[in-house]
Amino acid sequence: MSMRRRRYTDELSAANDGERVCIAGWVHEKRDLGGVFFLILRDFGGLAQVTLHRGDVDKELFARAKRVPRESVVAIEGRVKGEEKAPSGYEIIPERIEVLNESSQILPLDTTDKVGAELDTRLDARFMDLRRERVKHIFIIRSRVLRAIRDFFNERGFMEVNTPKIVSAATEGGTALFPISYFEREAFLNQSPQLYKQMLMASGFDRVYEIGPIFRAEEHDTTKHLNEATSVDIEVAFATEEDVMSILEELVAHVYTQIADYPGLSRLGTGLEEGFDVPKVPFPRITYDEAIELVSESGEQIEWGEDLSASAEHVLGETMGEHYFIIEWPSAIKPFYAQPSPHRSDICTAFDLMHPRLELASGSQRVHSYELLRANIESKGLSADDFEFYLDAFRYGMPPHAGWGLGVERLLMSMLRVDNIREVVLFPRDRRRLVP
RNA sequence: GCCCGGGUGGUGUAGUGGCCUAUCAUUGAGCCCUGUCGAGGCUCGGACUCGGGUUCAAAUCCCGACCUGGGCGCCA
């Protein structure tokens, strides 16, 4: 059977009536009515009904079609017949059915969604879970989101870069790293491309972006954390935090715009049957001071200089209702590379992009002074010697610059209203899961 | 790391000490049925996480282990 002649089920319709075609895929369902037998074939495009009438088709073919186990892979040659009684307006009258690979029974999951399955069960049999329609659409959307992000940056003169994922030292502090064995030394999986993208600012690559994996060894076990995630990172020279905040909100709006008309949104089962609204730019900005004030009105007290708790973020999300920025954070709870505010010594240029449900991104203008950066590293209790490879870039002409990092999975789960971040990763890595 | 839940056929579930030879759906095997689209009807097969304990009696109560869901903390 030639793959060149293979057609997708969604390319066909009643308009192809009479054409001889070849389709291939999985046996999604079988309905045996005695004298008439329906085999529902599934490929990447969708479903097609293959109809066999006893008497009209070869006896052997009829019997073999009934015997093929569900989820087996088959290639079918036959004629398209426009048929109002068929679910998609046409059916295939087969002349040949070739079983390319028979599926074992009983299946680990139901691909027809008649019976549910828990996430853990689904992830154990992820290859089969991904055959389910709603799950497939999540990853088609994910792919489209990544494409939209690349288009956005490429159109704006950004250069895509790749920085190392195996690194020598604790990068930013704050989070736990995965140690790995690197020949005779210890190394780590990178928690973020932060230091490397900043170093590129000193190279004159003044608008860079990277989409890549980040690794966090935190032993958290929640619906919004992963130990291996994907981040979109940018760094822009001669820019302030306001400049990169504009880029960020425009990016989010662009991504929403690109996905808003995707028909598969309605198949997700997450309440997006009517699609979604593209968030309006600019997003509201509230300062950290305003944020803790708002939270205190709801009864929860946050001391100035403390990070916002989960319940505080929830209160803010309720109040703000849509995407918003929290700006002017205390320097003490932001990383060493956040540039201090020009107006106040105890706050910095850092910002967080919040969705009502969770934090999506954080960024800042960066410290570009070697002396200040070195002092900041030391004052955070880190050793400046470990950062020599990074600090060197600041001694020979580092322009002012700003940037941010955005969690792809968080963007997706918030956009698609998915409850668990694992849903938007093909093979998620969490506290317990290392396979598949 | 802390707190609170849960582990019953392949999958999803009912069952809070004896009515359990364990419910229902779906899946699987088989039979009937010539227009199904969650097809329908009939027959059959298939499970109490593991190890201790309490009791005349444990799926059910207790202890431990393992697995697992959620919340908090940390973090993006």
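Nothing here was measured: the structure is a model prediction, and the numbers come from that model. Throughout, protein chains are lettered first and strands after them, A, B, ... in sequence-line order, and every chain is numbered starting at 1.
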Under 4.0 Å between any heavy atoms, over every strand shown, what does Leu109(A) touch: base, sugar-phosphate, or nothing? Just pick one. nothing

Per Ala310(A) side chain, nearest of listed nucleotides C75(B), U34(B), G73(B): G73(B)

What does Glu29(A) touch in the nucleic acid at a heavy-atom separation under 4.0 angstrom: a base, only the sugar-phosphate, or nothing? sugar-phosphate

Ignoring backbone atoms, establish whether Arg431(A) has a side-chain N or O less than 4.0 Å from OP1 or OP2 of U68(B). no

His225(A) side-chain proximity, nearest of C75(B), G35(B), U13(B): C75(B)

Do Gln49(A) side-chain and U36(B) base share a donor-acceptor contact under 3.5 Å? yes

Taking the same atom, P, in U21(B) and in U16(B), what whole-Å distance lies between them? 16 Å

Determine whether the aromatic ring centres of Tyr256(A) and Phe276(A) lie less than 6.0 Å apart. yes

For the pair made of CD in Glu71(A) and P in U26(B), what is the distance, rounded to whole Å? 18 Å

Could you state the interatomic distance from CG (Leu109(A)) to CD (Glu118(A)), rounded to the nearest 0.5 Å? 11.5 Å

Centroid-to-centroid, Phe37(A) to His53(A), below 6.0 Å? no

Would you find more than 12 non-hydrogen atoms of other residues, nucleotides or ligands less than 6.0 Å from Phe127(A) atom CZ? yes

Who does U36(B) pair with, Watson-Crick or G-U, both distances under 3.5 Å? none

What's the closest nucleotide to the Ser309(A) side chain, out of G35(B), G73(B), U11(B)? G73(B)

Which part of the nucleic acid does Gly407(A) contact within heavy-atom distance under 4.0 Å: base, sugar-phosphate only, or nothing? nothing

Which part of the nucleic acid does Pro108(A) contact within heavy-atom distance under 4.0 Å: base, sugar-phosphate only, or nothing? sugar-phosphate

Verify the contact: side-chain N or O of Arg31(A) to OP1 or OP2 of G40(B), cut-off strictly under 4.0 Å; return yes or no. no

Donor-acceptor pair under 3.5 Å, Glu91(A) side chain vs G35(B) base: yes

Answer with yes or no whether His220(A) presents, from its side chain, a donor or acceptor under 3.5 Å of a partner atom in the base of G73(B). no

What distance, rounded to whole Å, do you find between the two P atoms, one in C19(B) and one in U13(B)? 25 Å

Using a cut-off of strictly less than 4.0 Å, decide whether Arg432(A) has a side-chain nitrogen or oxygen near OP1 or OP2 of C67(B). no

C1' gap between C62(B) and G69(B), integer Å: 23 Å

Given Glu241(A), Glu328(A), Glu242(A), the one that forms salt bridge (charged side-chain N to carboxylate O under 4.0 Å, His left out) with Arg285(A): Glu242(A)

Touch class at under 4.0 angstrom, heavy-atom based, for Asp113(A) against every strand present: nothing

As an exercise, state the distance from CG of Leu123(A) to CZ of Phe427(A), rounded to the nearest 0.5 Å. 9.5 Å

Report the base-pairing partner of A59(B) (Watson-Crick or G-U wobble, both distances below 3.5 angstrom), or none. none

5′-ward residue of the pair Ala361(A)/Arg433(A) relative to RNA chain B: Arg433(A)

For U49(B), the nucleotide meeting Watson-Crick or G-U wobble distances (both under 3.5 Å) is A65(B)

Find the partner of U26(B): check Watson-Crick (N1-N3 plus N6-O4 or O6-N4) and G-U wobble (N1-O2, O6-N3) distances, both under 3.5 Å, and reply none if neither fits. G10(B)

Does G69(B) have OP1 or OP2 under 4.0 Å away from a side-chain N or O of Asn420(A)? no

Return whichever of Leu119(A) or Glu409(A) has its heavy-atom-nearest nucleotide of RNA chain B closer to the 5' end. Leu119(A)

What is the distance, rounded to the nearest whole Å, between atom CG of Asn227(A) and atom P of C75(B)? 15 Å

Using a heavy-atom cut-off of 4.0 Å across all strands, would you classify Ala86(A) as base, sugar-phosphate, or nothing? base

Rounded to the nearest angstrom, tell me the gap between atom CZ in Arg216(A) and atom C1' in G1(B). 19 Å

What's the gap between C2(B) and G46(B) when it is taken at their P atoms, as a whole Å value? 43 Å

Could you work out the separation of C56(B) and G10(B) based on their C1' atoms and round it to a whole Å? 38 Å

Span that lies between the C1' atom of U23(B) and that of C66(B), in whole angstrom: 28 Å

Closest nucleotide among C74(B), G35(B), G12(B) to the Phe38(A) side chain: G35(B)

On a whole-Å scale, what distance lies between the P atoms belonging to C32(B) and A25(B)? 23 Å

Atom pair distance, as rounded to whole Å: CG in Asp110(A) and P in U26(B): 11 Å

Starting at NZ of Lys114(A) and ending at C1' of G40(B), how long is that distance when rounded to a whole Å? 12 Å

Before we go on, tell me: are the rings of Phe188(A) and Phe215(A) under 6.0 Å apart, centre to centre? no

If you take the centroid of each ring, where Trp contributes its six-membered ring, are Phe153(A) and Tyr209(A) closer together than 6.0 Å? yes

Could you tell me how far apart Lys66(A) (NZ) and G28(B) (P) are, to the nearest whole angstrom? 15 Å

Can you measure Glu133(A) atom CD to G38(B) atom P for me and round it to whole angstrom units? 13 Å

Tell me whether the OP1 or OP2 atom of C75(B) has a side-chain N or O from Thr222(A) closer than 4.0 Å. no

Please measure how far the P atom in G18(B) lies from the corresponding atom in A58(B), and state the result in whole Å. 11 Å

For the pair made of CD1 in Ile106(A) and P in G9(B), what is the distance, rounded to whole Å? 13 Å

Is Ser311(A) touching bases, backbone alone, or none of the nucleic acid, heavy atoms closer than 4.0 Å? nothing

Atom of Thr222(A), atom of Arg422(A) and distance for their closest heavy-atom approach: O-NH1, 3.0 Å

